[in-house]
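Report on one structure; see the data block that follows.
Note: hydrogens, waters and symmetry copies are ignored here, and every other heavy atom, side chains too, is used. What you see is a predicted model, and the numbers here were worked out from it, not measured in a lab.
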Amino acid sequence: MAGGRLPGLLFILHAAARLAAEQEVENLSGLSPNPEKDIFVVRENRTTCLMAEFAAKFIVPYDVWASNYVDLITEQADIPLSRGAEMKGKCGTNESELELSWLDQAYTLKLSFLKEGHNTSRGPEASWKLSRIQFTYDTSERTYFKDAVSPGKHTASSHRLSALVTPAGRSYECQAQQTISLVSSDHQKSVQLLLSEVRLQPFDIPADFVFSEAKPLAKQKSVSSHSDLLLIGTSVHSVCSHVGVAQELLELPMGMVLLCTCGERGQSSSGPTALPEHKCPVDQREQLEETLPLILGLILGLVIVITLGIYHVHHKLTASQVQIPRDRSQYKHMG
């Protein structure tokens, strides 16, 4: 009986060791010349399945006691992503995930990616996006939080996020800073995630440690002026007006890198070519939610002004008219 159990145990241990060997994660941030930029790689089955390069910082509001120890005031903690962050990751056909933690897991960032298909006028197409962000932070940690009221762990999460949408088989790149708002479990405070120098590809990586390379375009369609697409060598540089515009205007072959070079005027991520300044698309739904109350407020204000104007004109007209007495006995006093 014991002889039968031993081979089974050895098989389980061998399978577990093989599984651990097939799933590898590497923090290559030391290779980046920018000390604020991190590089992360997830490998499965001896090949790279997720690559991420970016600089990240969180702006976290928290409460402290005022000098009278009666009132609360709000302070702000600026928390950068540590270069020595521990990481976990997993890859799938349609879902991938990257998890980073630092300072003894006082801070944890989890990024979730989703690949999905959709029908277009050209037929079925697929794209991937950043679908969820979750940031856990501990206000009792003393490096960035000073005398926080009720210290403890909180979680800030995204709300219906659909960011960095990119055609399947291509990587996303954008040098400009992007801001994503997260809602915290700490009294619904708004936590800001600042991302810059981003290059991501969570699916369909062609080779180890290599982002999808650009291929020469078979043809170039006419491009409207607002999209500002430039053909430089064999790469397509898409200024960050809308990533979807580039997908609609150009039939890019699979494996093409979709570069979103949205820096300051006259700067480009791969050369001195002058590009107009644009903001990167992060979450159009979130932007709509932010601007819709402003638009409705302006419309309401305009309606009030028009109503007051009409009332004022009407009041002037009626005040200037001669009042005819209803009592006929008063007619003799007229004239």
Side-chain angles (χ1 to χ4, degrees), residues 58-63 66 71-76 114 116 118-121 127 129-135 154-166 174 176-196 223-229 238-249 260 262-265 275-327 334:
F58 295 89
I59 300 178
V60 182
Y62 66 101
D63 294 330
D71 300 320
L72 290 176
I73 59 175
T74 301
E75 295 287 351
Q76 180 177 289
L114 178 66
E116 54 191 1
H118 50 274
N119 294 321
T120 67
S121 58
S127 62
K129 65 182 180 181
L130 177 59
S131 58
R132 180 174 172 79
I133 299 175
Q134 182 175 298
F135 176 57
H154 302 281
T155 300
S157 303
S158 56
H159 178 61
R160 295 202 306 266
L161 186 64
S162 180
L164 317 185
V165 179
T166 304
C174 188
Q177 180 173 284
Q178 309 173 57
T179 302
I180 301 178
S181 297
L182 310 176
V183 178
S184 174
S185 59
D186 181 15
H187 300 89
Q188 301 296 301
K189 288 183 173 65
S190 178
V191 175
Q192 304 295 317
L193 168 58
L194 308 182
L195 286 173
S196 60
V223 179
S224 59
S225 58
H226 71 276
S227 61
D228 294 324
L229 295 177
S238 169
V239 180
C240 298
S241 51
H242 289 287
V243 174
V245 172
Q247 183 183 359
E248 292 296 327
L249 292 177
C260 183
C262 47
E264 297 179 357
R265 187 177 299 274
L275 295 174
E277 184 177 359
H278 287 269
K279 292 182 179 180
C280 297
V282 175
D283 187 358
Q284 295 179 1
R285 291 180 184 173
E286 191 172 282
Q287 292 174 358
L288 179 60
E289 289 175 356
E290 293 176 355
T291 57
L292 188 58
L294 178 61
I295 295 173
L296 293 177
L298 291 174
I299 293 174
L300 180 60
L302 184 61
V303 170
I304 293 174
V305 170
I306 293 174
T307 304
L308 291 175
I310 294 174
Y311 173 78
H312 182 69
V313 172
H314 176 72
H315 182 70
K316 270 194 167 185
L317 293 175
T318 55
S320 61
Q321 292 177 355
V322 177
Q323 298 295 326
I324 300 176
R326 295 182 179 179
D327 189 356
M334 298 180 64

What verdict does the side-chain contact (heavy atoms from CB on, under 4.5 Å) test give for Gln178 and Ser196, after you've listed the backbone C-alpha separation in whole Å, the side-chain angles of each residue and the deciding distance to 0.1 Å? CA-CA 6 Å; Gln178 309 173 57; Ser196 60; over 6 Å; no
Determine, stepwise, if the pair Ile59 / Val191 fulfils side-chain contact (heavy atoms from CB on, under 4.5 Å). CA-CA 6 Å; Ile59 300 178; Val191 175; over 6 Å; no
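Under the rule for a ring-ring contact (aromatic ring centres under 6.0 Å, His included), the partners of Phe135 that lie at least two apart in sequence or sit in another chain are Phe58, Tyr137.
Side chain to side chain, Gln134 and Ser158 fail the donor-acceptor criterion of an N or O pair below 3.5 Å. If you check the side chains of Thr74 and Gln76, you find no donor sitting under 3.5 Å from an acceptor.
The structure places CD1 of Ile295 at 4.5 Å from OG1 of Thr291, a figure rounded to the nearest 0.5 Å. For the atom pair CD (Gln192) and CG (Leu182), the distance works out to 7.5 Å, reported to the nearest 0.5 Å. To the nearest 0.5 Å, the span separating NE2 on His312 from OG1 on Thr307 amounts to 14.5 Å. One finds the NZ atom of Lys129 at 4.0 Å from the CD atom of Glu116 (value rounded to the nearest 0.5 Å). Expressed to the nearest 0.5 Å, how far CG of Leu194 lies from CD of Gln177 amounts to 4.5 Å. To the nearest 0.5 Å, atom OG1 of residue Thr120 and atom NE2 of residue His118 are 6.0 Å apart.
Heavy-atom minimum distance, Lys189 versus Pro61: CD-O, 3.4 Å. Taking all atoms of both residues into account, the shortest heavy-atom contact from Thr166 to Leu164 is OG1-O, 3.0 Å. The shortest heavy-atom contact between Leu161 and Arg132 is CD2-N, 4.1 Å.
Taking 4.5 Å as the limit, every side-chain heavy atom of Asp63 sits out of range of all side-chain heavy atoms of Ile73.
A donor-acceptor contact shorter than 3.5 Å links the side chain of Ser185 to the backbone of Thr155.
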